[in-house]
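Right, one structure below, let's go through it.
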Amino acid sequence: MTRMRVLADVDTGIDDSLALLYLAGLHTNGEIDLVGVTCSGGNTTAAWAARNSKYVLNLADCPEVPVASGFEGPADRELTTTPETHGPYGLGYNLAPPAAIYEPGLPGNPHAANPLELWRRVIERARSVGEKVHLLITGPLTTYAAALRRYPELMRVLSGVTIMGGALDYPGNTTEFSEWNFWVDPTAVTEVFGTAGRVSIDSPEAAVRSLAVAAGAPAPTIAPLNVTETILVDDSDIADWRGAGMNPEVLRVVRQALKFYFEFHQWVGVGYKAQVHDLFAAMVATGNADVKVRGARIAGVDKRTFGQQPARRGQIVVDPAGAEANVVVAADRDGVMAEFARVFPR
């Protein structure tokens, strides 16, 4: 049987690290082929996200999975990271050792092609044998927007796209309207989803067409904040993972990462627990989460509007003129925990 090929674009990040452990477990078990990991600036810098990703994959006994650092931030604004949420280097109280990874790139810099070249290579390799790649994005949409501009013909042949991001009719975790990943690179959001038009403050503005629609890319499945905030872990889960046989060194790193994450969530009023958005998104991408999905048309907010109303930076809205998407509306938290325990490295 052909294994599902997964390409992950991450900003590792504590919850990204759990997603990578899960994907690595599936890869080792022969359930998927994790064909590559690329990293954008978001939770931490792209360089640290790549270093963290390589560390996690090595811990999970998957050193063969290629990891590429990439765009250090949005093309049109300075990168903002979240050391208060994920720790100074992205993995809480852990410090990933140096690793052999691609150098980070900046827009306009020759190195900036590195993540896109990895995307091109794995997608073309799959196509050459009659197979396709599923794209999972758990960070900002920076790399995806760049790929849609540079390789639209390759984005068209993806088997699917799963995105963790956005808040739909729900309070954001960065502004009143916006989720973190989409807030970091709001221009990429408007490029990927387009805008519905006539949404500027002072005058009508022509709609921006979705790059994904223009490329003929698959309608994405979106795991929005509304649902991912329900996927919580706490100390009892760590105890369960120990009892279920998680590799001791992996468990040590996970515990040190989640301790920081728990403390942050307690500080913001959630309690001594953590929302693991990206782990859930990885299960959605691989078809291993029990979810309810509804079809919708999604649009971003144009630059003029979020420029004058900063709280709307990175906002997405349901709009009949928007791009088609499948939106996850409900999930089984206990099922997510059981699935993680089934496959984590031992």
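Just so it is clear, the model here is predicted, and its values are computed rather than measured. Scope of the values below: all heavy atoms of this structure, side chains included, with no hydrogens, waters or symmetry mates.
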Next on the checklist: Counting C-beta onward and ignoring hydrogens, is there a side-chain heavy-atom pair between Arg342 and Phe340 closer than 4.5 Å?
Outcome noted: no

Checklist entry - Can you tell me how far CG of Asn247 sits from CZ of Arg242, rounded to the nearest 0.5 angstrom? => result 13.0 Å

Checklist entry - Quick one: side chain to side chain contact (heavy atoms under 4.5 Å, CB included) partners of Pro63, sequence neighbours excluded? => result Asn58, Asp61

Checklist entry - Heavy-atom distance under 4.5 Å between the side chains of Tyr144 and Asp9, does that happen here? => result no

Next on the checklist: Show the nearest heavy-atom pair for residues Asn52 and Thr12, with the distance to one decimal.
Outcome noted: ND2-O, 2.8 Å

Next on the checklist: Between Glu124 and Tyr151, is there a side-chain donor-acceptor contact under 3.5 Å, judged purely by atom types and distance?
Outcome noted: no

Checklist entry - Can you find a pair of side-chain heavy atoms, one from Arg297 and one from Val318, that are under 4.5 Å apart? => result no

Item to check | Leu118 to Val37 - nearest heavy-atom pair and separation | outcome: CD2-O, 3.9 Å

Item to check | Close side-chain approach of Val254 to Trp241, heavy-atom, < 4.5 Å | outcome: yes

Next on the checklist: For residues Val184 and Ile298: do they belong to one hydrophobic cluster (side chain heavy atoms under 4.5 Å, members Ile, Leu, Val, Met, Phe, Trp, Tyr)?
Outcome noted: no

Checklist entry - Between the side chains of Tyr22 and Glu339, is a donor N or O closer than 3.5 angstrom to an acceptor N or O? => result yes

Checklist entry - Has Asn29 got more than 12 heavy atoms of other residues, nucleotides or ligands less than 6.0 Å from its CG? => result yes

Next on the checklist: Tell me the closest heavy-atom pair linking Asp11 and Pro140, and the distance in Å.
Outcome noted: OD2-CD, 3.6 Å

Item to check | For the student: nearest non-hydrogen atoms of Ala281 and Met164, plus distance | outcome: CB-CB, 3.7 Å

Next on the checklist: Nearest 0.5 Å, please: how far is CG in Leu91 from CG in Asp16?
Outcome noted: 9.0 Å

Checklist entry - Hey, mind stepping through Tyr261 and His86 against ring-ring contact (aromatic ring centres under 6.0 Å, His included) and telling me if it holds? => result CA-CA 6 Å; Tyr261 218 26; His86 292 271; 5.1 Å; yes

Checklist entry - Can Glu131 and Arg3 be counted as an ion pair, charged N to O under 4.0 angstrom? => result no

Next on the checklist: Rounded at 0.5 Å granularity, tell me how far CD1 in Ile238 sits from CE in Met246.
Outcome noted: 9.0 Å

Next on the checklist: Checking Trp119 against Thr38 for the side chain to side chain donor-acceptor pair (under 3.5 Å) test, could you report, in this order, the C-alpha distance in whole Å, the side-chain angles of both residues, the deciding distance, and whether it holds?
Outcome noted: CA-CA 8 Å; Trp119 285 31; Thr38 57; 3.0 Å; yes

Next on the checklist: Looking at Glu117 and Arg120, is there a salt bridge between them, counting it only when a charged N and a carboxylate O are closer than 4.0 Å?
Outcome noted: yes

Checklist entry - How long is the gap from CG on Leu258 to CZ on Phe264, to the nearest 0.5 Å? => result 14.0 Å

Item to check | Nearest heavy atoms of Leu148 and Ala215, plus distance in Å | outcome: CD2-CB, 3.9 Å

Checklist entry - Knowing that exactly one of Leu57, Val253, Val56 qualifies, which makes a side chain to side chain contact (heavy atoms under 4.5 Å, CB included) with Leu21? => result Val56

Item to check | Leu135-Val157 co-clustered via ILVMFWY side chain contacts under 4.5 Å | outcome: yes

Next on the checklist: Assess the residue pair Glu229 and Tyr170 against the criterion (side chain to side chain donor-acceptor pair (under 3.5 Å)); give the C-alpha distance rounded to whole Å, side-chain angles, the decisive distance to 0.1 Å, and a yes or no.
Outcome noted: CA-CA 11 Å; Glu229 283 195 342; Tyr170 186 82; 2.6 Å; yes

Next on the checklist: So which atom in Pro186 and which in Trp183 form the shortest heavy-atom distance, rounded to 0.1 Å?
Outcome noted: CD-O, 3.2 Å

Checklist entry - Does one hydrophobic cluster hold both Leu59 and Trp48, with members joined at side-chain heavy-atom distances below 4.5 Å? => result no

Checklist entry - In Å, rounded to the nearest 0.5 Å, how long is the span from CD of Glu191 to CZ of Arg149? => result 4.5 Å

Item to check | Cluster overlap Leu18 with Tyr272, hydrophobic side-chain contacts below 4.5 Å | outcome: yes

Checklist entry - At what distance, to the nearest 0.5 angstrom, does CG of Asp76 lie from OG1 of Thr187? => result 3.0 Å

Next on the checklist: Within the 3.5 Å criterion, strictly below it, is a donor on His134 or Thr162 matched to an acceptor on the partner's side chain?
Outcome noted: yes

Next on the checklist: Could you check whether Asp185 pairs with Arg77 (Lys NZ or Arg NE/NH1/NH2 to Asp/Glu carboxylate O, under 4.0 Å)?
Outcome noted: no

Item to check | Student check: side-chain heavy atoms of Phe177 and Ile316 closer than 4.5 Å | outcome: no

Item to check | Pair Asn94-Tyr89, side-chain donor/acceptor within less than 3.5 Å | outcome: no

Item to check | Flag side-chain contact, heavy atom, 4.5 Å: Thr195 against Val301 | outcome: no

Next on the checklist: Check for me, please, whether Trp180 and Val189 land in the same ILVMFWY cluster - side-chain distances under 4.5 Å, paths through other members count.
Outcome noted: no

Next on the checklist: Quick check: do Arg127 and Leu154 have side-chain heavy atoms less than 4.5 Å from each other?
Outcome noted: yes

Checklist entry - Using the ring of each side chain (for Trp, its six-membered ring), is Tyr93 parallel, tilted or perpendicular to Phe260, with breaks at 30° and 60°? => result perpendicular

Checklist entry - Do Thr44 and Pro83 come within less than 4.5 Å of each other through their side chains, counting heavy atoms only? => result no

Checklist entry - For Asp237, what residues pass the side-chain hydrogen bond (donor to acceptor under 3.5 Å, both in side chains) criterion, not counting sequence neighbours? => result Arg333

